[in-house]
Amino acid sequence: MNIFEIYLEKILKLIKLANEDNLLELPENLSGVNVDIPPSKFNCDMSTNVGMVLSKANNKPPLEMAEMIANIIKKNDDQIEEIKIEKPGFINLKFKIVFWNNFLKSIINKNNYGSKKVDNPKKFLVEFVSANPTGPLHVGHCRGAILGDVISNLLKFNNHNVTKEYYVNDFGNQILYFTKSVYLRIREILYKEKFPIDDKDLYPGDYLIDIAKNLIDQNKDINFNNFESISNELTRLSVKESLKLIKFNLNNLGISHDNFISEANIVKNKEVDEVVEKLKKNQFVYLGKIKAPEGEENENWVEREQLLFKSTEFGDDKDRALQKSDQSWTYFASDVAYHNTKLKKNFDILINILGADHAGYIKRITSAVEALSGEKNKLICKVGQLVKLIKDGKPFKMSKRKGDYITVEDLINEVGKDATRFIMLNRSNDVELDFDFTKVKEKSKDNPLYYVQYCYARISSVFRNLNKNINDEISIVNFDFNYSEDEVKIFKKISQWPTCVEVATDKLEPHRIPVYLYELSSEFHAYWNMGKDDKTKRFIDQNNEIEDSKIVLLKIISKVIKNGMNILGVDTPDKM
RNA sequence: GCGCCUGUAGCUCAAUUGGAUAGAGCGCUUGGCUACGGACCAGGAGGUUCUGGGUUCAACUCCUAGCAGGCGCACCA
């Protein structure tokens, strides 16, 4: 139920009919015609540019063209109160109240108002977080985690099929150092050998001590004397422990994945060999050398002959190595294999959420997916830009050395899940984000979360005072209310919700949702305050009764807020 | 040197995927609580949308050449 789409269809139909009657000419394509939300100052409900788009083909000035089409529209719609032509050639429509009553009637008991009916739902795979399993998540991981979760929610809200996946990098050097660190912590506990805290390759964090303790307690039968003999088993156990921490953190954030895919398994199952063979067959792989980047000093650069993937054929600046000099696979190679397994599962679209520091990786992995699938936009990568932490008005930097990491657990304990999610989502993922601890905790207008939640809480309080349940269906037969301009203003905002959801989904830009919810809340708070001077704007009268028209108004707003907040994964408390 | 992201009010950011006189919050300033929840609202000041070209009925938006900031640029992950 997107009234703008419906009206666009109506207009297109009318001009096509007019064309058949030889009243006007049509341009080659009509895709430029749209029905828009007019700027508020024009005091109308919808506007269309159809006059301007058709002016050329008809050799008439836009204003004249608009005038002509406006007459056609007016003749064919008895719900129009006023139709006006504005300067460059816009046609502005204002509807009678019956139009809005019909609109309200059509959405009042819909549970998924705003979701788009898609004829053929698609299968999406969203890969996000995928942080190395070497410890708990920290604040830096949050943005991408929340972004991926909400993008998944948006797709689901629009009836698509979504699988959420976490790629576990439980293979390679980092994991080896991680396992070694756990081992040394174990020896520290068992044999009082001091942990070499200055070794830069090792992981110094205190959480490793806990992992070590757990492993000692749970594995009485293991002899921790010889690293070589137990390293495989120890890796498995250590990764399992840190995944426990990660899942706990994700749970803190209200996030759950459908699958955790192990890199080690992909390598073990010869998926990498398979995918490299496939690429070889299609001539995307060759033996060659990579040149050192220019402008950067590289005394240590050594040119080596190695197995390369021709990512330059897809726009990358250099070809990428698949094999290390010791013949083992690179991270990239196993990631290509991982993506090949995604393709084998027949997803329509793959989405990866990455952090800003991995943006340089996008070209090569999209190249690989294109080479494997033959499709250009099979894989879409979204980047969450950096989050700048601010505490007491000052930038706060985390340091691995000092161990002053802010973990997700700390964050949630301090500011809560809802505030974290809402604030991180309130900005476009492409801009850097200031995350100010003091402001995020503030319960005021400075904090958009509470502004929106307060809106819902106020509506709830009205229902509470009336002894009604906000979740009950509304059964009103007669939708002929005489709403005022101030109320219609809110309906106009409500009518824009489907467009907001659609754009947010198509562009994978969740920030549009909180921005919209804030605006809607603002309209509501403004209306609420009108009730102070104007009793007709109050919801409950002296006899503790409420008119049906007001119930409808409240119900619709609360539903949109609730739907929106559900997409964001943020609660809407009845009381605050 | 190359790639990606960003540049909009004093500050932090929006702008319906090319629309009309570019909008919010903070800050500044003037007002509003005997009140369905003041965690709120109404008004005012504040702009050459980084710069120069181009595309068209129309450009913050697209193209192009620059400038500035961020991130990245090995067989790490």
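Just the heavy atoms: all of them, side chains too, but no hydrogens, waters or symmetry mates, feed the values below. First the proteins, then the strands, lettered A, B, ... as listed; each starts at 1.
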Pairs under 3.5 Å (N/O, protein and nucleotides 18-21 of chain B):
| unit_1 | atom_1 | unit_2 | atom_2 | d |
| --- | --- | --- | --- | --- |
| B/G19 | O6 | A/N49 | ND2 | 3.2 |
| B/A20 | N6 | A/S47 | OG | 2.7 |
| B/A20 | N6 | A/N92 | OD1 | 3.2 |
| B/A20 | N1 | A/N92 | OD1 | 3.0 |
| B/A20 | N1 | A/N92 | ND2 | 3.1 |
| B/U21 | OP1 | A/K87 | NZ | 2.5 |
| B/U21 | O2' | A/K41 | NZ | 2.1 |

Q) Residues from residues 321-336 of chain A sitting under 4.0 Å of RNA chain B, heavy atoms only? A) A/A321, A/K324, A/S325, A/T330, A/Y331
Listing time: all N or O pairs from protein to nucleotides 2-7 of chain B that are below 3.5 Å?
| unit_1 | atom_1 | unit_2 | atom_2 | d |
| --- | --- | --- | --- | --- |
| B/C5 | O2' | A/Q385 | NE2 | 3.4 |
| B/C5 | O2' | A/D430 | O | 2.6 |

Q. Listed by chain and number, what are the side-chain hydrogen bond (donor to acceptor under 3.5 Å, both in side chains) partners of A/K116, not counting sequence neighbours?
A. A/E502
Q: Using a 4.0 Å cut-off on protein heavy atoms (strictly under), produce a 5'-to-3' string for nucleotides 29-34 of chain B with B for base contact, S for backbone-only sugar-phosphate contact, and - for none.
A: ---B--
Q.
Less than 4.0 angstrom between a side-chain N/O of A/K56 and OP1 or OP2 of B/C57, yes or no?
A. yes
Q. Is there a Watson-Crick or G-U wobble partner for B/C57 with both distances under 3.5 Å, and if so, which one is it?
A. B/G19
**Q.** Mate of B/G25 where both pairing distances stay under 3.5 Å, Watson-Crick or G-U
**A.** B/C11
Report, one pair per line, the protein and nucleotides 46-51 of chain B atoms (nitrogen or oxygen only) whose separation is under 3.5 Å.
none

Q: State which residues pass side-chain hydrogen bond (donor to acceptor under 3.5 Å, both in side chains) with A/N2; sequence neighbours excluded, sorted by chain then number.
A: A/T499
Q) Sequence neighbours excluded, which residues qualify as ring-ring contact (aromatic ring centres under 6.0 Å, His included) partners of A/Y483? A) A/F481, A/F491
Q. Which residues satisfy the salt bridge (charged side-chain N to carboxylate O under 4.0 Å, His left out) test with A/K562, sequence neighbours excluded?
A. none
What protein N or O atoms touch nucleotides 59-69 of chain B N or O atoms at under 3.5 angstrom, if any, and at what distances?
none

Q) Would A/K493 and A/E519 pass as an ion pair if we require N to O under 4.0 Å? A) yes
Q | Counterpart residues, side-chain hydrogen bond (donor to acceptor under 3.5 Å, both in side chains), relative to A/E485 (two or more places apart) | A | A/K94
Q.
Taking side-chain hydrogen bond (donor to acceptor under 3.5 Å, both in side chains) as the definition, give me every residue that meets it alongside A/S262, ordered by chain and number, with sequence neighbours left out.
A. A/D170
